[in-house]
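All remarks here apply to the structure that follows.
Counting starts at 1 for both ligands and their atoms, following the listed order. The basis for the numbers below is simple: all heavy atoms, side chains too, and nothing from hydrogens, waters or symmetry mates.
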Amino acid sequence: MSKMQEEKKIQRIGVLTSGGDAPGMNAALRAVVRAGLYHKLQVFGIKRGYEGLLDGEISEMNAHSVSNIINRGGTVLLTARSKEFQSEEGIKRGKAMADIFKLDALVVIGGDGSFRGARDLHRIGVPVIGIPATIDNDIGCTDYTIGYDTAMNTVKEAIDRIKDTASSHERCSVVEVMGRNAGYIALNCGIAGGAEACIIPEKKFDINEDIIKPILSCRNAGKHHYIIIVAEGVGGSVEIAEKIKEATGITTNTTILGHQQRGGSPTVRDRVVASLMGAEAVSLLARGITGRIVAMKGENVVDLDIEEALGMTKSIDEGLIETSKILSLY
Ligand code: F6P
């Protein structure tokens, strides 16, 4: 599908953050507001994602509204997972509210679910641009999502700390990391954290072959501590730890890292990618181009048709899985 040229000149844009927060959302918001002002657009912040759109929690932003937020995790606009917006009725009410506030277009910063809402709005005549932001990096149309690098660095630091105590006590630690149904965080942090095994939802696993055997062969080679990464999409990390203890006799702890992975000041990569994506989203709107998702292909910022983008899938790098196995051999 070719890029859609809007007949009406875009002058007033709304911006919202939606779904799980991700470090760098603020940097993207800042870029949208500042680039919007540069292009002489009026920019309106919508609170609490689609919930705020439905409730009309919409107010104009200026350059100062986004001062001193590039360094902050979370989202100053607040966010929500809106159930109502998953219905046809909700989408229609969203359009009605965009009309009341005379918004010519919306910029949606969020993950897959948020993009489905954006696509549905676009289908009924609300021009949109999507910016991918989720720690999970699980959006098919883009190689990179805002927040992923910061989350991985948080996980890496946690693994390093857990390793200190696991090695002092000669224990095994099972560390469960986020990622929804994807293993990107788990696999990369398994490599970065020097894990003995890394279990991800994309690969079936056998507890004896993929966890117990590697631990025992490491022990026989003289190793005294073990880190096992389990992606939340696999689940059962407590049960896995019990089975390890049962089979090996090694004291095994479980740490579920949880929501700390979503917080914290964004890394340089997340700040820069978010800034580039935010600026690109507005540059498209200033040229009258809508119905696009801004994405990363390698190191380049590109834009894709929203309908096509939502149908895209990506798969985890098999080479990376192989390398992680090779490197975990003691
Ligand atoms: O999508 C980000 C994420 O943190 C996932 O990794 C996780 O599965 C989910 O959100 C948790 O969502 P909530 O904070 O709503 O429980």
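Ring geometry for Phe85 versus Tyr50: interplanar angle under 30°, hence parallel rather than tilted (30 to 60°).
Per-residue contacts place Thr134 under 4.0 angstrom from the following atoms of ligand 1 (heavy atoms of the residue considered): 1 (O). Short contacts between ligand 1 and Met178, defined as distances under 4.0 Å to a heavy atom of the residue, involve ligand atoms 4 (O), 6 (O).
Look at Arg219 and Glu170 and you find no salt bridge, because none of the NZ, NE, NH1 or NH2 atoms lies under 4.0 Å from a carboxylate O. Of the charged side-chain nitrogens involved, at least one lies within less than 4.0 Å of a carboxylate oxygen, so that Arg287 and Glu280 count as a salt-bridged pair. For the pair Asp99 and Lys95, the salt-bridge criterion is met [side-chain N within less than 4.0 Å of a carboxylate O].
In Lys314, the NZ atom is crowded: over 12 heavy atoms of neighbouring residues, nucleotides or ligands sit closer than 6.0 Å.
The protein heavy atom nearest to atom 15 (O) of ligand 1 is Arg81 NE, 2.9 Å. Ranking the protein heavy atoms by distance from atom 2 (C) of ligand 1 puts Asp136 OD2, 3.3 Å first.
Taking only nitrogen or oxygen atoms, main chain and side chain alike, Gly179 reaches within less than 3.5 Å of ligand 1.
When the options Gln261, Glu232, His259, Arg262 are ranked by their closest heavy atom to atom 8 (O) of ligand 1, first place goes to Glu232.
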